[in-house]
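Here the structure comes first, spelled out in structure tokens, and everything after it is commentary.
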Amino acid sequence: MNTLLLEVRGLQVRYPAGHGSQAHTAVDGVSFDLAAGASLGLVGESGSGKSSIARALLRLVPASGSVMFEGRDLLRLSGTQLRATREHLQIIFQDPLAALDPRMRISEIVGEPLREFRPQYSAAERRHQVLRMLERVGLDSSHLDRYPHEFSGGQAQRIGIARALMLKPRLLVCDEPVASLDVSITAQIVNLLSDLRRELDLGLLFIAHDLATVRQVCERVMVLYRGRVMEISSREQLYTAARHPYTRALLAAVPVPDPSHALPQAVTASMPEEAPRGKASVAASGCVFRQRCPQVFARCSEETPALRVAAGGLVACHLP
Amino acid sequence: MSPEPRHQALLSVRGLGVFRPGPGGEVAALRDIDLDLQPQECLGIVGESGCGKTQLLHALMGLQSGNVRLAGSVRFRGEELLGASAQRLALVRGRRLALVFQDALSALNPYLRIATQMTEGARAQLGLSRRAAWQRAATLLESLQIDAPARRLRQYPHELSGGMRQRVLIAMALMCEPDVLLLDEPTTALDVTVQAQVLAVLRELRARSGVAMIFVTHDLGVLAAIADRVAVMYAGRIVEQAAAAHLYATPRHPYTAGLLHSMPRLDTPLDTRLSTIPGQPPRSGATSTGCAFAPRCPLAHERCTQLPVLRCADNQFPANGTVACHYDGPAQGLREIWP
Ligand SMILES: Nc1ncnc2c1ncn2[C@@H]1O[C@H](COP(=O)(O)OP(=O)(O)OP(=O)(O)O)[C@@H](O)[C@H]1O
Ligand code: SF4
Ligand code: SF4
Ligand SMILES: [Mg+2]
């Protein structure tokens, strides 16, 4: 089955000027596809626009462009239509405890989507389904009547996942789902998400700043820099022969837990370490990565590289 | 207690415990910590949240609040610090030991220029003139690869990027030329690219100045890039300590082995499923009589209800490290216990 689940075209997110900050474009013309049941990782440094994309898909921030999901443009739906799509489109966040209402019992939290979208279910039926889902994510009936504060971060993330999957959505957006978890808990959640995706034929948009975690979960990876797509490649391509200089820089910087392995590399010693702050709006022309690119050449400041087809994916760079 | 070191260590910790009052009596945040830091060495300390890493650094620096009780001994160049006079402590802790706090943003005062924050301590401690202190601050910033240091000194923290702020904190700790730099998760809040740069800067600093370091983190990957020796903490105790090369190649504690197998990493074949350690770390201050890792350990056995003490990991090569575990089979055996 290879039907398209999500088709994003020219997505733009602009934040208006606020206290002390200028208006700026956080996501600038981002396009990508996600097939049903497929997984796409979103990586890039802090501020590259990963969360803004997630928020735009869920209409949590104003955005332009188009986001086709199940044949409708999410950016153009009215309130009630939008509510209906929630059944098939869910999100989980980085801070699992903050996402759970502290005054509600776990059975209520996880059962809430059922109460809203399956009003025909009796309370007993609801409880039964909630319990089955809790068991699927590694919790049990003893957790049903407890409150969020009684849970650790890893358990709270399991609860968040259970709630998000209650209505059997077709797309799950995960914004840094393991970033605030302990090392020994991260592996549990990463494996759980990978298993659930296969079992439920779930489309996954998985945001993480950690390339090693994305490698565990995603079949394809999109690399963002200052709101623009640098590369979209298959996992095999990206982790064995990344083509964009920025992707290569990100990969070279990842530390490997083996002292005999090559040391993590900074982008290049002579280059600024990160995107200049303040005016995050992107330059009118030229490659946005050129101030830091070790391979920059004349054309890079004259012409913006378009995303073009290359073996195993798409890349936006003037290098052959 | 482990035997006295052959050479005099720069910093020598024996039986260090940190206890705070709790509803049902005293609660131990740290227990039985034995550590030696040799001159010029970088000792890495790794553990999950709540295992006591920051408490340990704070105890070394004497930063705990009034109702906390410390036990054991902390010697700096042979001189006992626990219970020493406030005067003596101010001299050692202000100058010989310096701490880089965990959160670079909140550790800097948003209303003061970088220069003011960097030079205040050094002027008071070393009696430097304003000009000399500025000069030293600029030199340090430059040595940590911050360009236009004179301009940076006049700026406020929010005008600097995260990586720069972290390096300012490191430079600040170096103002009095300490012998030991204590670093609390110095790269955790940074992007990998910036983390790589801070690690490179720290390695360069070691090579140049020989300052010894205790580097605390939850990330074994980061320590592989900087530590000579690694101590693994679990539930307020050190459970394993070894030269980095040994620890990563042949972990001797089931927890260390589990951590290494459960880390997503770039050097494994694609489609390697992660091992998982079941359950979760105990809440900090939780008490257990036996091995605190037993509820999660595939090798847990009756004997594990007795507390395992730190012992030589390998009797033939005592220098290779110490481990607190009752398992005494071959180290290779630990490879298979994690599914
Ligand atoms: N509500 C907001 N108002 C104004 N600017 C914002 C807002 N949210 C994000 N931004 C800005 O938009 C840009 C992209 O931010 P975003 O949070 O999408 O990045 P990210 O890739 O998710 O980063 P991180 O890895 O830190 O989570 C940044 O420059 C950020 O400062
Ligand atoms: S287009 Fe030029 S500056 Fe941009 S990544 Fe490619 S080589 Fe580097
Ligand atoms: S002492 Fe026992 S329970 Fe503890 S780590 Fe060793 S084998 Fe496991
Ligand atoms: Mg984000």
Side-chain angles (χ1 to χ4, degrees), chain A residues 20 44-48 138 152-155 178 180-192 194-195 208-217 235-236 239-240 246 249-267 269 272-278 292, chain B residues 46-50 145 147 158-164 187 189-201 203 218-227 244-245 247-249 255 258-268 270-281 283 296:
Chain A
E45 288 161 301
S46 180
S48 58
S152 66
Q155 288 173 319
V178 296
S180 60
L181 301 181
D182 267 324
V183 187
S184 71
I185 307 302
T186 293
Q188 298 174 2
I189 299 295
V190 162
N191 286 353
L192 176 65
S194 307
D195 294 346
H209 61 270
D210 175 16
L211 278 130
T213 303
V214 170
R215 187 174 176 267
Q216 289 298 134
V217 181
R235 185 171 60 144
E236 286 68 21
Y239 288 96
T240 54
Y246 180 55
L250 284 180
L251 285 167
V254 176
V256 167
D258 175 359
S260 62
H261 197 274
L263 291 169
Q265 296 298 310
V267 179
E273 62 180 23
E274 52 207 286
R277 297 278 147 164
R292 296 170 75 193
Chain B
V46 70
E48 299 183 272
S49 66
Q145 292 169 30
D147 52 26
H158 75 265
E159 296 176 78
L160 307 186
S161 69
M164 281 188 204
T187 63
L190 306 176
D191 277 315
V192 277
T193 47
V194 184
Q195 166 171 283
Q197 185 162 35
V198 170
L199 288 173
V201 160
R203 272 196 307 272
H218 66 279
D219 187 346
L220 274 165
V222 166
L223 286 189
I226 188 136
L247 188 112
Y248 289 90
Y255 176 59
L259 280 183
L260 283 168
H261 289 299
S262 64
M263 284 179 73
R265 47 198 289 172
L266 292 183
D267 61 342
T268 49
L270 284 172
D271 288 319
T272 308
R273 192 176 166 81
L274 298 177
S275 299
T276 52
I277 303 175
Q280 55 205 334
R283 297 196 176 203
R296 308 175 75 188

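Note that the coordinates shown come from a computational prediction; the quantities given were computed from them, not determined experimentally. Below, chain A is the first sequence line, B the second, and so on; all start at residue 1.
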Quiz item: Can A/D210 and B/R265 be counted as an ion pair, charged N to O under 4.0 angstrom?
Solution: no
Quiz item: Is it true that the side chains of B/T268 and A/R215 contain a donor and an acceptor less than 3.5 Å apart?
Solution: yes
Self-check item: Which portion of B/L260 sits near chain A, non-hydrogen atoms under 4.5 angstrom
Solution: side chain
Quiz prompt | Partner chain B: residue of A/P255, A/P257, A/P259 with the largest heavy-atom pair count (under 4.5 Å) | solution = A/P257
Self-check item: Under 4.5 Å from any heavy atom of chain A - which part of B/D271
Solution: both
Quiz item: Side chain, backbone, both or neither: which part of B/A200 has a heavy atom under 4.5 Å from chain A?
Solution: neither
Practice problem: Can you measure from CG (A/L211) to CG (A/L250) and round to the nearest 0.5 angstrom? | Solution: 5.5 Å
Quiz item: Looking at B/R203, B/R296, B/E159, which has the largest count of heavy-atom pairs under 4.5 Å with chain A?
Solution: B/R203
Quiz prompt | Atom of A/P264, atom of A/A253 and distance for their closest heavy-atom approach | solution = CB-O, 3.3 Å
Quiz item: Who wins among B/L266, B/T276, B/V192, B/L223 for the most heavy-atom pairs under 4.5 Å with chain A?
Solution: B/L266
Quiz prompt | Portion of B/Q195 that has a non-hydrogen atom of chain A nearer than 4.5 angstrom | solution = side chain
Quiz prompt | chain B contact via A/L263 - side chain, backbone, both or neither, heavy atoms under 4.5 Å | solution = side chain
Exercise. Report the option among A/T213, A/T240, A/N191 that has the most heavy-atom pairs separated by less than 4.5 Å from atoms of chain B.
Key: A/N191
Practice problem: Give, as side chain, backbone, both or neither, the part of A/V256 having an atom under 4.5 angstrom from any heavy atom of chain B. | Solution: both
Practice problem: Spell out, as yes or no, whether a donor-acceptor pair under 3.5 Å connects the side chain of A/Q155 to the backbone of A/S152. | Solution: yes
Quiz item: chain B heavy atoms under 4.5 Å from A/Q265: which part of the residue, side chain, backbone, both or neither?
Solution: backbone
Quiz item: Between the side chains of B/Q280 and A/S184, does any donor sit under 3.5 Å from an acceptor?
Solution: no
Quiz item: Which one, B/A249, B/G279, B/A245, leads in non-hydrogen pairs under 4.5 Å with chain A?
Solution: B/G279
Quiz prompt | B/D191 side chain to B/T193 side chain, donor-acceptor N/O pair below 3.5 angstrom | solution = no
Quiz item: Any donor-acceptor pair under 3.5 Å linking the side chain of A/Q188 with the backbone of B/I277?
Solution: yes
